[in-house]
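Have a look at the structure below, then the notes.
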Amino acid sequence: MQRIVLHVDLDSFYAQVEMVRQPELQDKPVVVGMFSRDEYSGAVATANYKARELGIRSALPLRTAHERATEDTVFLPADKTYYNEVSDRVMAIIAEYGDAFESISVDEAYIEVTERCEGNFQKAQLLAQRMKQDIWQAEALTCSVGIGSNKLVAKMASDADKPDGLTVVRPEEAQAFLAPLSVEELYSVGPKTATVLREHNMETIGDIAAAEPQRLVHVFGQNRAQELQQFAQAIDERVVAQQDKKQLSRITTLAEDTRDVATICSVIERLAADVCERLVAHGVQGKTITFIAMSTERDAYTRSQTIAQPCADTTTVAQTCSDLAETFLAEHDAVLRRIGVRVSHFVSSGAGQSAQTSLSSFAS
Ligand code: TTP
Ligand code: MG
């Protein structure tokens with residue numbers, strides 16, 4: 001079956017999260033910095049696209065960023081704890097869409113979708129659209145997605161159209177897609193390697209792909225030469241390493257915004273059944289059950305309870321979660337837009353089934 005990998009990269013991540021948190025920043029250049037003493041010392045973590053137009057980028061000294069800034073540019077200190085929380089929620093959504101899921105950083109992940117999409121790129125494109133929509137609905141964040149026949153192509157495809165892009169590179173197009181890009185854009189090529197390649201008159205990835213192998217071996221040695229040429233020819237067999245799941249969750253958008261307990265509990269029942277089905281398939285049971293609520297104001301709440309005996313049965317999970325929801329609604333006047341059920345704190349149920357079992361359900 002044709003292999004299909006997706007790479008997801010959130011757009012100007014820290015800055016975008018701040019713009020969701022403070023909508024009044026929406027039309028302004030926003031710079032998130034790692035301040036050391038004050039907002040003039042340290043470096044830029046990231047800048048939104050308006051600030052990038054002013055020449056402000058990641059790693060630029062904040063002093064220089066201030067010189068380039070306009071009067072309405074907003075400088076904010078990085079709030080990593082908060083970005084990690086948002087990242088965890090987004091990653092949980094992305095993980096639901098893959099047969100295997102591997103997060104690479106706070107805002108980047110790969111998913112393998114070969115089996116789920118039956119090797120069909122059209123299906124992968126639809127899946128990516130649904131995933132982007134889901135992330136948007138849940139968190140009001142945009143991301144750029146690349147689809148390719150391996151990690152290398154998927155990652156380079158996600159870079160090709162930012163922000164909010166979706167780029168599909170089919171296997172037969174992969175070499176032509178890479179060929180015109182300059183050598184430093186190739187995965188694994190840093191500034192040093194790029195300089196050496198240029199000294200040998202290789203400017204583009206296409207030049208590396210077409211180089212006489214012996215010429216590359218002479219410069220880089222057998223192993224590295226082969227690796228470079230394979231990457232340049234869009235060959236990459238690195239697997240998407242399934243990370244140990246520490247939790248399983250299912251979140252859905254309610255048919256209508258509501259705070260009606262009966263309606264919410266009936267949706268919880270459905271979500272709990274889905275989560276428990278997957279717990280069983282993974283051969284695990286969980287001790288902590290969480291009710292996830294997102295309000296029409298886009299505030300997110302969680303309420304958890306740890307139970308005495310780990311379980312994977314729908315009745316217990318649904319009942320515990322419904323109790324949590326009921327208590328939450330009694331304490332809060334929030335109207336809910338999305339709700340979710342999460343089970344975490346796993347212990348093995350000894351069923352002996354593989355943790356690699358592919359997940360068959362999509363978040364809706
Ligand atoms: P990136 O994905 O490299 O950048 P980005 O998401 O801000 O922008 P893009 O739209 O181009 O993807 O990095 C993710 C986050 O990591 C970024 O928002 C802030 C943080 N970061 C730093 O703190 N320092 C850095 O030098 C870089 C590159 C990123
Ligand atoms: Mg990013």
Side-chain angles (χ1 to χ4, degrees), residues 17 20-21 81-97 101 131 133-141 244-282 284-347 349 359 361-364:
V17 170
V20 173
R21 175 149 75 164
T81 311
Y82 185 63
Y83 309 145
N84 284 336
E85 271 174 38
V86 176
S87 170
D88 285 350
R89 295 203 299 265
V90 174
M91 291 298 160
I93 296 174
I94 297 170
E96 292 295 304
Y97 283 87
F101 161 81
M131 181 182 71
Q133 217 169 12
D134 212 11
I135 296 170
W136 174 256
Q137 280 200 342
E139 302 290 341
L141 293 171
D244 268 354
K245 283 187 188 291
K246 296 188 184 70
Q247 51 130 307
L248 273 172
S249 58
R250 178 87 154 82
I251 301 177
T252 194
T253 304
L254 296 162
E256 278 175 24
D257 298 342
T258 183
R259 48 179 284 104
D260 177 63
V261 175
T263 312
I264 288 168
C265 289
S266 75
V267 177
I268 285 176
E269 172 105 33
R270 188 161 55 77
L271 298 177
D274 193 90
V275 170
C276 289
E277 188 182 307
R278 287 183 291 142
L279 286 170
V280 172
H282 284 66
V284 292
Q285 297 184 325
K287 282 190 81 169
T288 302
I289 295 165
T290 303
F291 170 63
I292 302 168
M294 286 166 208
S295 74
T296 46
E297 305 293 308
R298 292 199 178 281
D299 291 318
Y301 306 87
T302 55
R303 291 290 178 273
S304 300
Q305 188 176 335
T306 298
I307 52 176
Q309 287 297 322
C311 81
D313 83 281
T314 306
T315 316
T316 311
V317 173
Q319 189 56 55
T320 310
C321 202
S322 295
D323 291 348
L324 289 165
E326 204 166 332
T327 313
F328 170 79
L329 289 163
E331 290 170 355
H332 269 271
D333 55 8
V335 177
L336 303 187
R337 206 171 66 87
R338 285 170 65 79
I339 61 167
V341 172
R342 177 162 72 215
V343 177
S344 55
H345 196 165
F346 289 166
V347 295
S349 62
L359 307 180
S361 55
F362 296 149
S364 56

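All values below come from the heavy atoms of this structure, side chains included, with hydrogens, waters and symmetry mates left out. Nothing fancy with the numbering, it's 1 onward along the sequence.
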Separation of [Y] [atom2] from [X] [atom1] (nearest 0.5 Å):
{"X": "Trp136", "Y": "Ile93", "atom1": "CH2", "atom2": "CD1", "value": "13.0 Å"}
{"X": "Thr252", "Y": "Ile339", "atom1": "OG1", "atom2": "CD1", "value": "8.0 Å"}
{"X": "Leu324", "Y": "Leu329", "atom1": "CG", "atom2": "CG", "value": "11.0 Å"}
{"X": "Ser87", "Y": "Ile94", "atom1": "OG", "atom2": "CD1", "value": "8.0 Å"}
{"X": "Gln137", "Y": "Arg338", "atom1": "CD", "atom2": "CZ", "value": "6.0 Å"}
{"X": "Ile289", "Y": "Thr306", "atom1": "CD1", "atom2": "OG1", "value": "8.5 Å"}

Exercise for the section: Using the ring pair (Phe, Tyr, Trp, His ring centres under 6.0 Å) rule, collect all pairs that involve residues 256-279, keeping only residues at least two apart or in two chains. Expected result: none
side-chain hydrogen bond (donor to acceptor under 3.5 Å, both in side chains) partners for [X], two or more places apart:
{"X": "Thr296", "answer": "none"}
{"X": "Thr290", "answer": "Ser304"}
{"X": "Asp313", "answer": "Thr316"}
{"X": "Asp323", "answer": "Gln319"}

Handout entry: Chi angles and distances behind the salt bridge (charged side-chain N to carboxylate O under 4.0 Å, His left out) call for Arg278, Asp274
Key = CA-CA 7 Å; Arg278 287 183 291 142; Asp274 193 90; 3.3 Å; yes
Practice task
Would you please name every residue forming a ring-ring contact (aromatic ring centres under 6.0 Å, His included) with Tyr301, sequence neighbours left out?
Solution key: Phe328, His332
Closest contact, heavy atoms only, [X] versus [Y]:
{"X": "Glu96", "Y": "Ala92", "value": "CG-O, 3.2 Å"}
{"X": "Ala318", "Y": "Ile268", "value": "O-CG2, 3.8 Å"}
{"X": "Lys287", "Y": "Pro310", "value": "CG-CB, 3.7 Å"}
{"X": "Val341", "Y": "Cys321", "value": "CG2-SG, 3.8 Å"}
{"X": "Phe346", "Y": "Leu248", "value": "CZ-N, 3.6 Å"}

Residues in side chain to side chain contact (heavy atoms under 4.5 Å, CB included) with [X], at least two apart?
{"X": "Asp88", "answer": "none"}
{"X": "Thr258", "answer": "Leu254, Asp260, Thr263, Ile264"}
{"X": "Thr327", "answer": "Glu331"}
{"X": "Gln309", "answer": "none"}

Problem - Distance-only side-chain donor-acceptor flag, Thr320 / Gln305, under 3.5 Å - result: no
Exercise for the section: Please name all residues satisfying salt bridge (charged side-chain N to carboxylate O under 4.0 Å, His left out) with Arg342, sequence neighbours left out, ordered by chain then number. Expected result: none
Handout entry: Under the salt bridge (charged side-chain N to carboxylate O under 4.0 Å, His left out) test, residues paired with Glu269 that sit two or more places apart
Key = none
Exercise for the section: Measure from the side-chain N and O atoms of Arg303 to the backbone N and O of Ala325, and report whether any donor-acceptor pair falls under 3.5 Å. Expected result: no
Exercise for the section: Kindly indicate whether the side chain of Asp134, heavy atoms from C-beta on, has any atom under 4.5 Å from the side chain of Ile251. Expected result: no
Exercise for the section: Using a 4.5 Å cut-off on heavy atoms from C-beta on, say whether the side chain of Val20 contacts that of Glu139. Expected result: no
Handout entry: Sole residue of Val343, Leu279, Val317 in side-chain contact (heavy atoms from CB on, under 4.5 Å) with Cys311
Key = Val317
